[in-house]
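Throughout, numbering of the chain's residues begins at 1 and tracks the sequence. Any value given below was found using the heavy atoms of this structure, including those in side chains, with hydrogens, waters and symmetry copies removed.
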Amino acid sequence: MFSVFSQAARRGRGTARLAVASLVSGLVMAGAISGAAPASADEGVQGQGGATATIGGLQTYGAAEIHEGGRTERVSAGLFQMTVDGGGMLQTYCVDLHNPTQTDAKYQETSWSGTSLSGNSDAGKIRWILQNSYPQVNDLAALARKAGAGGLTEQDAAAGTQVAIWRYSDKADVEAVSGAAEKLADYLEKNARDLGEPRASLSLSPQAVSGHPGERVGPVTVRTDAESVTVTPPAEAAAGGVKVVDKKGKPVTSAVDGSQIFFAVPKDAAAGSAALTVQASTTVPVGRAFTSDTRSQTQILAGSSESTVSATATATWAGEGALPALSARKNCAAGGVDITAVNKGDEPFTFKLMGTRYTIEAGASRTVTIPLQEDQAYDFTIKGPHGFEQRVRGILDCRTVAAATGSADDGLHTQTTTRPSPASVGGTGTPASDLAETGSSNATPVIAGIAILLVLVGGASLVLVRRKKSPQGGE
């Protein structure tokens with residue numbers, strides 16, 4: 001379990017992963033700055049920084065019963081396991097009971113605003129449950145005494161914790177089959193109190209900046225809970241004349257939370273772009289949400305080993321004309337995807353979006369929300385000059401069934417099972433046999449062909465991070 005990983009083992013694995021990450025970062029920059037033809041980027045709007053992982057299956061679990069519309073359905077309840085890109089493992093619980101889990105779905109760490117937790121007044125209580133139950137609390141005897149449960153197995157602890165979370169995340173009428181697990185669920189539900197949202201394990205803000213040759217383009221601010229970071233600008237960036245510097249123009253060799261990083265662009269540089277990717281080996285804060293760009297259950301973090309995390313920011317520059325910097329993110333409160341454009345050029349920037357024409361005056365900024373239906377897939381191709389383009393795709397999964405319909409009874413189609421196999425979780429576009437799902441969302445039309453300026457080319461700067469201690473339970 002993650003809670004018993006030794007500090008020495010974590011440091012050893014982290015060092016090895018970061019050595020590999022250094023090599024990969026150098027190769028990426030070599031292909032980007034050396035004059036290679038621009039390549040299109042393909043990523044979802046969730047890419048705001050943090051961990052990217054692939055879901056495996058249920059790791060530790062028991063059974064629960066959901067009561068809806070006069071029916072009772074038995075489902076599995078417990079911890080999922082995810083494998084982090086670049087190294088590391090995560091344990092998560094589900095906060096999206098009525099959606100299926102897809103086999104090998106890719107997940108990205110994201111803020112609560114991009115999930116159903118954005119409108120959930122009890123989201124903070126879910127974080128309290130995570131910090132005060134299994135696996136963060138691995139003394140099961142002590143946990144059982146607090147809950148009056150007599151004794152708890154790992155399966156009981158996982159099932160009871162998941163049931164308590166579902167009562168707050170999905171407003172579900174659900175109870176654990178095991179008496180001990182049910183005692184734990186009742187204890188956690190009763191004692192939960194509101195805690196704030198944890199911030200990203202690593203992020204850069206803003207995600208895109210623009211400016212003119214001869215300027216320091218930025219700033220891009222580092223956000224992390226690490227004590228310090230080490231920045232190693234790749235040699236290829238210096239060879240092309242573009243440097244990564246601090247606000248005084250000095251090359252960046254180290255930074256901390258809140259440090260500002262700039263792209264120093266030579267005065268004689270032609271119009272172009274670069275991307276700064278920062279990477280770290282750290283633990284992801286408990287309570288961070290994870291969403292997929294497919295219709296797969298939203299997850300919330302319960303435990304993390306030392307894991308690779310990353311974030312990317314882009315810079316564009318030109319001598320004259322419109323000079324926008326654009327970024328995208330899901331906005332569940334507004335029911336869509338926000339496209340933010342900042343124009344630092346000397347001419348207006350005009351683009352067409354969803355049949356509407358928008359103009360951002362020189363020196364101005366604007367955020368445009370693309371309205372979407374719940375469970376609607378989207379696929380935007382964002383284009384710019386010189387043949388650059390970026391693809392933004394995903395699915396809007398912002399509401400639970402209860403929130404969407406005012407009732408949890410939207411046709412629960414779950415096969416009853418008393419001993420599901422973790423390997424049965426998911427499928428190729430089909431609901432998992434042991435997870436509840438509505439069955440009400442079929443394939444939706446893909447929205448495509450939205451053209452707005454965004455230049456994103458490869459480039460990387462490796463950032464090594466020393467981890468702070470994780471916050472203790474009951475904070």
Open item on the list: Is there a side-chain contact between P135 and L79 in this structure, where contact means two heavy atoms from C-beta onward sitting under 4.5 Å apart?
Closed with: yes
Task: V163 to A185 - nearest heavy-atom pair and separation - done: CG1-CB, 3.8 Å
Task: Donor-acceptor contact present, side-chain Q297 to main-chain N99, <3.5 Å - done: yes
Open item on the list: Are W317 and H212 packed together at the side-chain level, in the sense that at least one heavy-atom pair is separated by less than 4.5 angstrom?
Closed with: no
Task: Residue pair W112 / I126, side-chain heavy-atom distance below 4.5 Å - done: no
Task: CA sep, side-chain torsions, deciding dist, call: L130, L301, side chain to side chain contact (heavy atoms under 4.5 Å, CB included) - done: CA-CA 8 Å; L130 293 165; L301 188 74; over 6 Å; no
TODO: Find the distance between OH (Y134) and OG1 (T60) and round it off to the nearest 0.5 Å.
DONE: 4.5 Å
- [ ] Can you measure from OG (S111) to CZ (R199) and round to the nearest 0.5 angstrom?
- [x] 14.0 Å
- [ ] Quick one: closest heavy-atom pair of A105 and S292, and the distance?
- [x] CB-OG, 3.9 Å
TODO: Measure from the side-chain N and O atoms of N343 to the backbone N and O of I360, and report whether any donor-acceptor pair falls under 3.5 Å.
DONE: yes
Task: Heavy-atom donor-acceptor pair, S307 side chain to G88 backbone, under 3.5 Å - done: no
Open item on the list: As a test of understanding, state which of K171, R193, R167 forms a salt bridge (charged side-chain N to carboxylate O under 4.0 Å, His left out) with D122.
Closed with: K171
Open item on the list: I'd like to check P198 versus R127 (side-chain heavy atoms, cut-off strictly below 4.5 Å). Are they in contact?
Closed with: yes
TODO: Return the minimal non-hydrogen interatomic distance between V284 and A51, and the atom names on each side.
DONE: CG2-CB, 4.0 Å
- [ ] Identify the heavy atoms of A269 and P213 that sit nearest to each other, and give their distance.
- [x] O-CG, 3.5 Å
Open item on the list: Walk me through whether T115 and I300 qualify under side chain to side chain contact (heavy atoms under 4.5 Å, CB included).
Closed with: CA-CA 10 Å; T115 74; I300 194 164; over 6 Å; no
Task: Side-chain touch Q81/M89, heavy atoms, less than 4.5 angstrom - done: yes
- [ ] For residues Y107 and S296, determine if any side-chain heavy atom of one lies less than 4.5 Å from a side-chain heavy atom of the other.
- [x] yes
Open item on the list: Whether the T367 and T340 side chains hold a donor-acceptor pair (N or O, under 3.5 Å, no angle test) is what I'd like checked.
Closed with: yes
TODO: Decide yes or no for V222 and L204: does some side-chain heavy atom of the first lie under 4.5 Å from some side-chain heavy atom of the second?
DONE: yes
Task: Check: R295 side chain, P100 main-chain N or O, donor-acceptor pair, under 3.5 Å - done: no
Task: Backbone of G114 reached by a side-chain donor or acceptor of S118 within 3.5 Å - done: no
- [ ] Using distance alone, with no hydrogens and no angle criterion, decide if T298 and T291 have a side-chain donor and acceptor under 3.5 Å apart.
- [x] no
Open item on the list: Whether the side chain of N331 engages the backbone of D338 through a donor-acceptor N/O pair (distance < 3.5 Å, no angle test) should be reported.
Closed with: no
Task: Considering all heavy atoms, the nearest T369-A334 contact - done: CG2-CB, 4.0 Å
Task: Pairwise side-chain contact, S113 with C332, heavy-atom cut-off 4.5 Å (strictly under) - done: no
Task: Distance in Å, I129 CD1 paired with Y168 OH, rounded so as to fall on 0.5 Å steps - done: 6.0 Å
Task: From Q299 atom CD to L90 atom CG, the distance as rounded to the nearest 0.5 Å - done: 10.5 Å
Open item on the list: Using a 3.5 Å distance criterion without hydrogens, assess whether the side chain of E347 forms a donor-acceptor pair with backbone atoms of E320.
Closed with: no
TODO: Could you tell me whether a side-chain N or O of E109 sits under 3.5 Å from a main-chain N or O of S201, the two making a donor and an acceptor?
DONE: yes
Task: Pair R288-E197, side chain to side chain contact (heavy atoms under 4.5 Å, CB included): steps then yes or no - done: CA-CA 8 Å; R288 289 295 292 170; E197 177 181 1; 3.8 Å; yes
Task: Distance, nearest 0.5 Å, that separates CD1 of I370 from NZ of K330 - done: 13.0 Å
- [ ] Check step by step if side chain to side chain contact (heavy atoms under 4.5 Å, CB included) holds for L202 and T282.
- [x] CA-CA 9 Å; L202 176 63; T282 186; 5.9 Å; no
Open item on the list: For the backbone of A302 and the side chain of Q136, can you confirm whether one donor and one acceptor N or O come within less than 3.5 Å of each other?
Closed with: yes
- [ ] Measure from the side-chain N and O atoms of T52 to the backbone N and O of D85, and report whether any donor-acceptor pair falls under 3.5 Å.
- [x] no
- [ ] Any chance you could measure S116, atom OG, to H98, atom NE2, to the nearest 0.5 Å?
- [x] 11.0 Å
Task: Minimal non-hydrogen separation, T161 against S133, with atom names - done: OG1-OG, 2.7 Å
